[in-house]
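Following: one structure in structure tokens, then a few remarks.
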Amino acid sequence: MKTPVTTALNFYQGHDPAALTAVYGSPLYVYNEGIFRKRCRDMVNLTTYPHFKVNYAIKANTNISLLRIAKEEGLLADISSPGEAVAAFAAGFAAEDLFFIANNISCDEMAFAIERGITLSVDSISQLKTYGKLNPGGEIALRFNGGVGGGHHESVITGGDKTKFGIRAAYIPEVKDLLAKYNLRLTGINQHTGSQNTEDVYLSGVKELLTIASQFQNLEFIDFGGGFSIPYNKQNGEAPTNLAYLGQALTALMEDFATAYGKTATVPHLTYMIEPGRYICAESGVLLGTVHAIKQNGETKFAGTDLGFNILARTTLYDAHHDIEIYSQQPETSPPAKLEPISIVGNQCESGDYIAKSRLLPPICEGDIVGVLDAGAYGYSMSSQYNHRQRPAEILIQECGNIKQIRRRDTYEDMLANML
Ligand SMILES: *Cc1c(COP(=O)(O)O)cnc(C)c1O
């Protein structure tokens, strides 16, 4: 039998998953600090280009204890709402550490950024006009959509004509007119082509954005976006992103462009930025749940758990794959029992409520603990109280091996608190 992924990584550092759920409740999000820090360093060290910033896309996981660690590791933050700015401030980030990449925001939300001096990017002609009226003479960044789109599911591809994001290059003359009309200074441009990009899709997106950048003068920064992929199929040996290849290719593109651009610009140097979300936090999280029922419906066998799509939405929303480990609470059999196909489902009143479909797993019993791997990104941050269920606690296994609780489970009082 293959070594479980969590054993190979020493994910639990000697802690027993069942004992953790006994203390902190089930379901439970468990994070590993060492892995989280390692992923931060991977991104910070991606290139030797000297002016390079890593903005952690905090929508992937907004827990402020994790944000503090990201800050310690030298990351800045990419935010998509004022609420995320509030979380970043609580974690110790300053306004100048944040880049607000807005999509269809209100004037109040623009004012929030302007008043605090947070760099703001808008992504339509319409929002550029609104901004110009609100803050004439101000600074602004723009999100372009060069046409390259990549991703693991239609819902996460954010480049190309079919998505709502970004300004297409054809509108550059109109952009320039508006910048002049409102006396705005364009400080930078950005893009985000999607999630789970391959190295080459990412690099073609970079090239497209550089072509757009060459049409503007005196940019201070160019931000290539996030979307670095992580291997969700580790049990089948899926390879991680080739950082050495990506980093080298990226460095060459950035250096060549900066040299050429520097000859025409009056700004001291060009800064490049990236916005990884999932890459930073996905692999540092495992979601634990408990099996409460086993059922055979005709051909299909189900393990019914407390892992509804209110706890982890990715499988239901994107048909996403997460590797599963079963921590059996039964006495061991010898020889070990054979694998059998089983679907892991949740406790929500919806048929789309599943974690894994027809997965080959060892026999499962009531009381067993299920581990959903690579659940650290878009897990808790997308969770809800649907079916009026409590969102779970989050704990961090620190590098020293100690457990730190970083969020408590919702109480029923919390759930009633906002209702009048
Ligand atoms: C979601 C998002 C990211 C992060 O995407 P990942 O696939 O998690 O790396 C980066 N930038 C923007 C603008 C985003 O919306």
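All ligand and atom numbering here is 1-based and tracks the order in the structure. Here the structure is a predicted model, which is why all the values come from computation and not from measurement.
Only side-chain heavy atoms of A57 come within less than 4.0 Å of ligand 1; its backbone N, CA, C and O stay farther off. By the criterion of a heavy-atom distance under 4.0 Å, the side chain of D78, and not its backbone, is placed next to ligand 1.
Both the sub-6.0 Å distance and the 45° axial angle are satisfied by R314 relative to the ring of Y232. Taking the ring axis of F216 as reference, the NZ or CZ atom of K176 stays within 45° of it and closer than 6.0 Å to the ring centre.
Every heavy atom of G225 sits 4.0 Å or more from the atoms of ligand 1. The shortest heavy-atom distance from Y378 to ligand 1 is under 4.0 Å.
In this structure, the separation between CZ on F93 and NZ on K71 is 6.5 Å, given to the nearest 0.5 Å. Rounding to the nearest 0.5 Å places CG of N103 at 10.5 Å from CD of E109.
Of all protein heavy atoms, the one closest to atom 7 (O) of ligand 1 is S195 OG, 2.5 Å. At the shortest separation from atom 5 (O) of ligand 1 among protein heavy atoms lies H192 CE1, 3.3 Å.
The shortest N/O to N/O separation between Q196 and ligand 1 does not fall below 3.5 Å. The distance criterion of under 3.5 Å between nitrogen or oxygen atoms is met by R278 with respect to ligand 1. Any N or O atom pair closer than 3.5 Å counts here, and P276 shares no such pair with ligand 1.
Ring pair Y49/H51 is perpendicular by interplanar angle, where above 60° counts as perpendicular and below 30° as parallel.
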For this session: Show your working on side chain to side chain contact (heavy atoms under 4.5 Å, CB included) between T193 and F224 and close with a plain yes or no.
Result: CA-CA 8 Å; T193 62; F224 301 123; over 6 Å; no

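Atom OH of Y171 has 12 or fewer neighbouring heavy atoms from other residues, nucleotides or ligands inside a 6.0 Å radius.
Taking all heavy atoms of K59, R143, Q191, E275 into account, the minimum distance to atom 15 (O) of ligand 1 is reached by K59.
Defined by atom type and a distance below 3.5 Å, a donor-acceptor pair is missing between the side-chain atoms of D177 and Y182.
Per-residue contacts place G277 under 4.0 angstrom from the following atoms of ligand 1 (heavy atoms of the residue considered): 4 (C), 6 (P), 8 (O), 9 (O).
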